[in-house]
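For reference, the structure is listed below as structure tokens.
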2 protein chains.
Amino acid sequence: MARKYTIDDIAQLAGVSKATVSRVLNNKPDVDPSTRARIHQIMQEVSFVPSITASGLAGGRNRLVGVLIPSFSWSFVGEIMRGVSEMIGHTPYELLVYSINDMARDNDKGDILDHILSTKLPAGLLAILPGHSAPYVERLHTHGFPVVMVDDTAHHPNMPWVNVDSVHGSYLAVKHLIELGHRRIAHIYGPQNFICAHERYQGYCQALEEAGIALDPLLVAQGNFEYHGALDAAHQLLSLPAEVRPTALFASTDLTAYAVIDVADSYGLRVPGDLAVVGFDDIESSARIRPALTTVRQPFAEIGKCGVELLLALLNTPVQRADSSLLALSLPVLTPSEGMVRPPHISLQTTLVVRASCGAQRQQQSVDEIIPSKVL
Amino acid sequence: MARKYTIDDIAQLAGVSKATVSRVLNNKPDVDPSTRARIHQIMQEVSFVPSITASGLAGGRNRLVGVLIPSFSWSFVGEIMRGVSEMIGHTPYELLVYSINDMARDNDKGDILDHILSTKLPAGLLAILPGHSAPYVERLHTHGFPVVMVDDTAHHPNMPWVNVDSVHGSYLAVKHLIELGHRRIAHIYGPQNFICAHERYQGYCQALEEAGIALDPLLVAQGNFEYHGALDAAHQLLSLPAEVRPTALFASTDLTAYAVIDVADSYGLRVPGDLAVVGFDDIESSARIRPALTTVRQPFAEIGKCGVELLLALLNTPVQRADSSLLALSLPVLTPSEGMVRPPHISLQTTLVVRASCGAQRQQQSVDEIIPSKVL
DNA sequence: CTGTTAGCGCTTTCAG
DNA sequence: CTGAAAGCGCTAACAG
């Protein structure tokens, strides 16, 4: 409250030059320990808060990190953001949010990225986008702007990213169904422009192949990760003659699984009795619906945290310039340094959460035991 | 891309002083129209992007708006943010997000607000918080920092806010149940620290009173707006002897209603047959659950948009200083001005969305007609 | 290790 | 209506 102190005030109070104050502020090594302590003290006493704006102007880099997100409406975005904001809370950075308009034409993505690049307001960017937008994001990286792709990444070797191992998660889910005795296992695909849609399909194929089950094209249908986009696919699969109808289904998202369960119900098929269903994501409501959904849990908050960690590591390190990228191709993008602990590519593990919808649990489910679920 | 142009570059290209360029940039009136046009032209051609940082430093006010949110995990926050970010997209402002740590002790709110006040990074703040946090927020306002309370407001006459008319929405919901013939209508209350919990209760009481139905304390139980926090309350209400057991229930949120439906199921009570249920919020899944939930829809995105509008109006207007607040008490907080269209207090209407859970619809519901729902 | 000197890019008086 | 000059609060070379 009181008044707003500036670096000059602190310098005066401490009897040093403002350059020195600036040095302790930025943890430069070349400061006498006792001086440093005294300055820290004084800053504490008057509860000095440096101006982000001024340091940004002078230093050419603001203590802001940007996060580019698709629609706030997608619940997983909120989960990732929870991790992001919690992590940011432990740093001196503030959080700037850029969101792609819900009805954005495709090249709005380019526009907003251009905007970010031209304002250079944030020091770096976390981009949560469908994988096929990677080229846009890569432009930033090429221009030397620190950026980390998050969630649905193209595994681009040249750009830092954080994702989950969707292939393995899906593999585990389908393998679980196979172990439950199913042979006719269907899959509802996600939209083609998401890398992870392919990855989930790939995990599905892999599990089938390992079990020596031939892939049946009749059992694969196209969804779009959302509830309504899966209804047609579900109808298509469940209307098959009983002899060829799937006895189990691996959905590319939980929402897709919800649609399957509802459609199954409309066909008089019981889940899991007549159809075992497994989803992917483990969004909040999946533990609550009936039957509770067996699904592959993504560590959304952790994804966000890792993204921030990675980005901040990048910011403490001289950013890889476009000019020297040829060299970087074969080397790690980052040289090891104090701030740099993790490698520039992080792939997180998923876990299979077994609940009622896959039929693995025999016992009756009661309201009070909705939450406990076995985590493999 | 190319290089980054500065005001000086533009000034040089246009053959004027940078002061003039700055004037057109900020839409000051005192500029020769032709000069203004020429400068606009040039800025266009080189796609000049002024530095937010520099103008912030020089002008003392950054073109950033802050939004303070409780947990990203609450889905309604995402909806509000959707409106906020869409609105912000139409302005030259950027969006800064402050989020209260999930496991925040209560006075962290004070801390983060202090932080915002002392950094003065954003030009103004939209505060989405439980109503009982109003005093913290009011401190900002008292210090002359533009702030708008959003969603759960204390109706503080002295501070700008945006909310929905929860009382009336609840009244409509309960009235609808009464019109359906119910007399024993229960209510599950929200947490005491939310103003809107009281408002919803108030609307409930009002509808009962109007119908000449005596309020029965046995039929009111305490929840906390969340699913798990409502299970006990639901048990309490539904375990009543059949003669006194409620035939209908107005839940303070949709999540609360979900819990009621599940508990009813565990008692062998059919919804809506044995128990009509109405929620409040209309979150995304409420149209999808079975039975589809009759509920009071809050215009979340619109709340966000109005909040931004109001805040921006405040920013174009000399902010009410603490010193002159005595005068302001009896007058509108804002003097009318170009940027100021809406009054500083906005209360939005809710709508009752009638679906299956209240028993008003007789027809069988099929998967394909999950979405269509009657909006009163 | 520390002080001095220039600015970062823009806004803002204050004179014209 | 317009230009000149003086910073906003901080960082970043340089010299010492």
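Quick note on labels: first sequence line is chain A, next is B, and so on, each numbered from 1. Just so it is clear, the values below take in all heavy atoms, side chains as well, and ignore hydrogens, waters and symmetry mates.
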Rounded to whole Å, please give me the gap between [atom1] in [X] and [atom2] in [N].
X        : N       : atom1 : atom2 : answer
Gln12(A) : dC10(D) : CD    : P     : 14 Å
Asp30(B) : dC1(D)  : CG    : P     : 6 Å
Tyr5(A)  : dC10(D) : OH    : P     : 14 Å
Asp8(B)  : dA5(D)  : CG    : P     : 14 Å

Listed partners of [X] passing side-chain hydrogen bond (donor to acceptor under 3.5 Å, both in side chains), at least two apart:
X         : answer
Thr153(B) : Asn163(B)
His40(A)  : none
Ser17(A)  : Thr20(A)

Distance, nearest 0.5 Å, that separates CG of Leu113(A) from OG of Ser118(A) | 10.5 Å
Where [X] and [Y] come nearest, the two heavy atoms and their spacing:
X         : Y         : value
Phe145(B) : Pro122(B) : CZ-O, 3.4 Å
Arg63(A)  : Pro50(A)  : NH2-CG, 4.1 Å
Ala123(A) : Asn62(A)  : CB-O, 3.1 Å

Looking for any heavy atom pair under 4.0 Å, which part of the strands does Thr35(B) touch: base, sugar-phosphate only, or nothing?
->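 It contacts sugar-phosphate atoms only.
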Leading and trailing nucleotides of DNA chain C with any atom under 4.0 Å from heavy atoms of chain A =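 The protein-touched segment is dC1(C) to dG9(C).
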Quick tally for nucleotides 11-16 of chain D: nucleotides whose base has a protein heavy atom under 4.0 Å get B, sugar-phosphate-only ones S, the rest -, giving BBB---
Treat a base pair as Watson-Crick or G-U wobble with both distances under 3.5 Å, then lay out DNA chain C in dot-bracket form, 5' to 3', with | for cross-strand pairs.
-> ||||.|||||||||||
Polar contact flag, side-chain donor to acceptor under 3.5 angstrom, Glu309(B)-His90(B) =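 No - no donor-acceptor pair under 3.5 Å links their side chains.
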May I have the step-by-step check of side chain to side chain donor-acceptor pair (under 3.5 Å) for Glu94(A) and His115(B), ending in yes or no?
-> CA-CA 11 Å; Glu94(A) 309 277 359; His115(B) 173 75; 2.7 Å; yes
Between Glu86(A) and Lys305(A), is there a side-chain N and carboxylate O pair less than 4.0 Å apart?
-> yes
5' priority, DNA chain D, between Ser17(B) and Leu57(B) [closest heavy atom] = Ser17(B)
Between His345(A) and Trp161(A), how do the two ring planes meet: parallel, tilted or perpendicular, split at 30° and 60°?
->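 Geometry flag for Trp161(A) against His345(A): parallel rings.
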